[in-house]
Amino acid sequence: MRYSQYFIPTVKETPSDAEVISHQLMLRAGMIRKLAAGVYNYLPLGLRSIRKVENIVREEMNRAGAIELLMPTVQPSELWQESGRWEQYGKELLRFKDRKDTEFCLGPTHEEVITDLVRREVKSYRQLPINLYQIQGKFRDEIRPRFGLMRGREFIMKDAYSFDVDEKAADTSYDKMYQAYRRIFERCGLRFRAVEADTGSIGGSYSHEFMVLAESGEDAIVSCTACDYAANVEKAEARQTGAADHAEARPLEKVATPDKKSIEDVAGFLDVHASALVKTLVLLADNEPIVVLLRGDHELNEIKLKNLLGCDLLEMAGDDVVLKVTGAPTGFAGPVGIGVKIIADLAVQGMKNFVTGANSKDLHLKNVNLERDFTASVFADIRNVVLGDSCPRCAGGTLEMWRGIEVGHVFKLGTKYSKAMKATYLDADGKEQIIFMGCYGIGIGRTVAACIEQNHDENGIIFPLPIAPFHCIISALNMKEEPVRDCSEAIYAQLAAAGVEVLLDDRDERPGFKFKDADLIGIPLRIVVGAKNLAEGKVELKDRKTGGVELLPVADAVEKVKTAVGEALKQ
RNA sequence: CGGGAUGUAGCGCAGCCUGGUAGCGCACCUGCUUCGGGAGCAGGGGGCCGCUGGUUCGAAUCCAGUCAUCCCGACCA
């Protein structure tokens with residue numbers, strides 16, 4: 001491709017509405033342009049990277065035995081009614097009506113459509129297992145799209161769905177996908193971790209997320225220092241190690257704590273550590289008030305609590321509800337004498353003589369004790385793990401924390417959709433059985449963005465070769481000089497003939513300008529053809545990642561590029 | 001949806017407080033010079049100041065509403 005004939009609108013200045021580095025660089029490098037909030041044009045350069053990721057995904061899906069198809073973006077409401085998600089899904093599901101007033105939505109995911117297809121076509125155990133996938137645009141009307149392709153409303157996704165005769169077979173399908181995902185992200189040149197995750201609204205019993213490690217990641221993940229346990233904080237558990245406090249229960253005592261509302265305030269005022277306090281939170285679970293107890297230095301994990309309660313809606317109660325439940329303004333709630341259901345974290349179970357609110361303005365209680373002063377109806381793990389907690393799977397390890405970007409997610413769905421939508425088959429005995437399902441997603445655009453988050457410097461993007469828009473750029477310093485032009489054209493032709501994806505910068509621009517653009521768009525290899533070196537028959541070969549420069553005879557440079565590309569693409 | 005902020009040339013911004021001819025840098029066009037890390041000089045083109053209404057002799061500027069975008073939170077395969 002000739003740069004002068006192509007379309008790469010780079011910009012020198014950082015766009016003011018881009019916050020994270022990948023978003024800034026994708027805009028500056030002319031890869032994407034925003035059309036509306038969370039909706040982007042993919043420009044030629046961006047599209048090339050996206051296609052690279054798609055092709056790696058496609059190859060690995062096919063290798064794992066999955067079969068590609070393509071489903072529509074527009075989906076009829078009836079299927080969603082059947083699965084129950086028309087009501088459940090909420091406002092992220094963009095709904096609309098056609099001219100006949102029939103309801104449709106833009107597909108945020110395709111469990112309903114694929115299950116419908118399979119139930120019509122698959123009748124026998126002989127047709128199973130089958131795994132079908134597509135690479136397609138999705139639409140989710142996110143409350144807050146942000147960070148460019150990282151969280152768009154319209155985005156490109158690979159989604160695969162497996163269908164099996166029973167749970168054991170479904171586990172095999174799941175494992176195949178898990179392994180395929182590892183290969184995909186390895187081939188994309190990403191540093192990532194596979195972590196255990198909550199299944200969220202997709203439902204199902206078990207899942208792993210694939211997290212690209214990056215400071216700007218929206219998710220917190222933990223991993224064990226000793227074994228291979230890793231999990232999203234939403235899901236992560238810790239071994240309960242705090243030895244039970246066997247201290248004598250001291251008499252309950254009221255203390256005045258004027259205007260001390262937060263844990264830090266009270267701990268500071270009473271000169272005790274936050275872990276000697278018990279935090280009392282009032283929440284509304286499906287509009288029923290409940291009280292939750294946590295050790296003062298711990299945080300509530302709403303997902304764990306939601307899963308425990310099995311409720312649809314869980315929210316912090318407003319000041320009015322707090323006043324009604326505790327009889328005091330927010331900041332002085334406590335479990336003693338309270339009239340609603342109390343759920344306590346496991347860490348509270350071993351505590352003695354702790355401090356809580358007194359359900360009365362400007363008062364707290366000291367030496368509060370379980371059983372004697374109040375009873376909790378449930379003890380459960382409902383807190384977020386913290387740095388240094390003990391690993392739940394091995395003896396010696398502790399938990400480390402990371403930030404990650406979720407680029408892939410694999411789910412064991414079980415029979416959630418097949419049951420609701422009656423996707424069944426006949427087994428060898430002619431008996432009707434429910435199909436076991438799994439679903440597996442990869443955010444294609446997000447993978448490119450995550451890659452840039454992980455691979456950049458002050459001059460721009462540093463693409464790993466397998467997903468770079470071009471393998472090599474030839475910076476022809478002055479195309480008007482005949483030797484430079486002839487040599488650049490010759491290298492261009494030779495590389496292209498060898499299957500190297502090469503961009504010839506033949507623009508009438510100054511050298512510095514071409515170098516800046518080449519660095520910005522992140523092409524891994526650069527050949528600089530300049531009059532001075534060419535007089536000695538040499539050109540410069542520069543590595544974008546290391547910055548290393550070699551002065552080589554033309555033929556050697558060409559060979560080296562061919563070899564480097566061949567190496568990088570070897571699977 | 002709650003909180004905060006911003007809409008002025010393609011991009012980045014100033015002007016607004018204190019109402020009176022719309023400005024700067026980059027980009028773009030022409031010419032000359034320059035040519036290994038985003039060149040210099042000279043000349044030039046480009047604006048419904050987000051939109052609607054109000055106040056005023058007069059509004060980019062003041063007021064009200066509205067739309068859009070961004071950030072924090074809640075939310076989220």
Side-chain angles (χ1 to χ4, degrees), chain A residues 9-20 23-24 27-28 30 33-39 85 88-93 107-111 138 140-148 150-153 155 157-161 197-204 207-211 218-219 232 234 283 302-303 306 312-316 318 406-413 416-417 438-443 446 458-460 475-481 484 505 507-520 526 528-534 539-540 542 547 549 551:
Chain A
T10 58
V11 281
K12 206 186 311 188
E13 282 168 297
T14 303
S16 61
D17 57 0
E19 196 73 9
V20 299
H23 187 197
Q24 292 174 356
L27 288 166
R28 287 193 52 208
R33 287 291 183 265
K34 185 174 71 181
L35 180 63
V39 179
R85 288 205 293 183
Q88 264 177 37
Y89 212 98
K91 287 189 182 165
E92 285 75 45
L93 188 63
T109 176
H110 281 64
E111 282 82 6
K138 296 281 188 279
R140 292 182 192 174
D141 197 1
E142 297 278 354
I143 299 170
R144 183 143 97 92
R146 58 181 150 179
F147 304 154
M150 207 73 92
R151 180 174 293 282
R153 292 194 293 172
F155 57 99
M157 177 164 155
K158 185 283 301 182
D159 45 328
Y161 305 88
D198 185 72
T199 51
S201 71
I202 281 279
S207 82
H208 284 90
E209 288 169 336
F210 288 77
M211 292 284 189
E218 289 186 88
D219 287 284
N232 192 308
E234 293 177 355
L283 289 98
E302 292 193 29
I303 290 169
K306 211 167 158 181
D312 290 327
L313 185 68
L314 183 70
E315 55 185 343
M316 292 297 291
E406 179 193 347
V407 289
H409 204 157
V410 293
F411 292 88
K412 265 177 74 173
L413 288 177
K416 171 169 169 160
Y417 296 92
C439 75
Y440 317 92
I442 289 179
R446 191 186 274 185
E458 64 282 1
N459 292 314
S475 300
L477 294 195
N478 191 343
M479 287 292 276
K480 286 180 190 146
E481 292 177 29
V484 171
D505 192 350
R507 295 174 299 169
D508 185 18
E509 292 289 354
R510 295 161 61 85
F513 199 91
K514 295 190 175 191
F515 294 149
K516 288 288 186 191
D517 269 346
D519 284 350
L520 178 61
R526 181 172 88 197
V528 182
V529 184
K532 223 180 286 174
N533 290 327
L534 199 54
V539 293
E540 188 181 293
K542 183 162 185 178
V549 180
L551 201 56

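Lettering follows sequence order; numbering is per chain, from 1.
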Practice task
Describe the nucleic acid contact of K138(A) in one word from base, sugar-phosphate, nothing, applying a heavy-atom distance below 4.0 Å.
Solution key: base

Exercise for the section: Could you please name the option among G36(B), C35(B), G38(B) that lies closest to any side-chain atom of K12(A)? Expected result: G38(B)

Exercise for the section: Provide the Watson-Crick or G-U wobble partner of A64(B), both distances under 3.5 Å; none if there is no partner. Expected result: U52(B)

Practice task
Under a 3.5 Å limit for both distances, which nucleotide forms a Watson-Crick or G-U wobble pair with A74(B), could you say?
Solution key: none

Exercise for the section: Identify which nucleotide among G38(B), G36(B), C76(B) has an atom closest to any side-chain atom of P511(A), counting heavy atoms from C-beta outward. Expected result: G36(B)

Completion exercise
The Watson-Crick or G-U wobble partner of G20(B), with both key distances under 3.5 Å, is C57(B)

Can you name the atoms? Protein N/O to nucleotides 8-12 of chain B N/O, anything below 3.5 Å, with the distance.
residue : atom : partner : partner atom : Å
G12(B)  : OP1  : S16(A)  : N            : 3.2
G12(B)  : OP1  : S16(A)  : OG           : 3.2

Exercise for the section: Pick the C1' atom in U56(B) and in A64(B), then give their distance to the nearest Å. Expected result: 16 Å

Problem - Results of ring pair (Phe, Tyr, Trp, His ring centres under 6.0 Å) for F210(A) - residues two or more places apart only - result: Y178(A), Y181(A), F185(A)

Exercise for the section: Report the base-pairing partner of C32(B) (Watson-Crick or G-U wobble, both distances below 3.5 angstrom), or none. Expected result: G40(B)

Exercise for the section: Report the base-pairing partner of G47(B) (Watson-Crick or G-U wobble, both distances below 3.5 angstrom), or none. Expected result: none

Exercise for the section: Could you tell me whether the side chains of S475(A) and D505(A) share a donor-acceptor contact shorter than 3.5 Å? Expected result: no

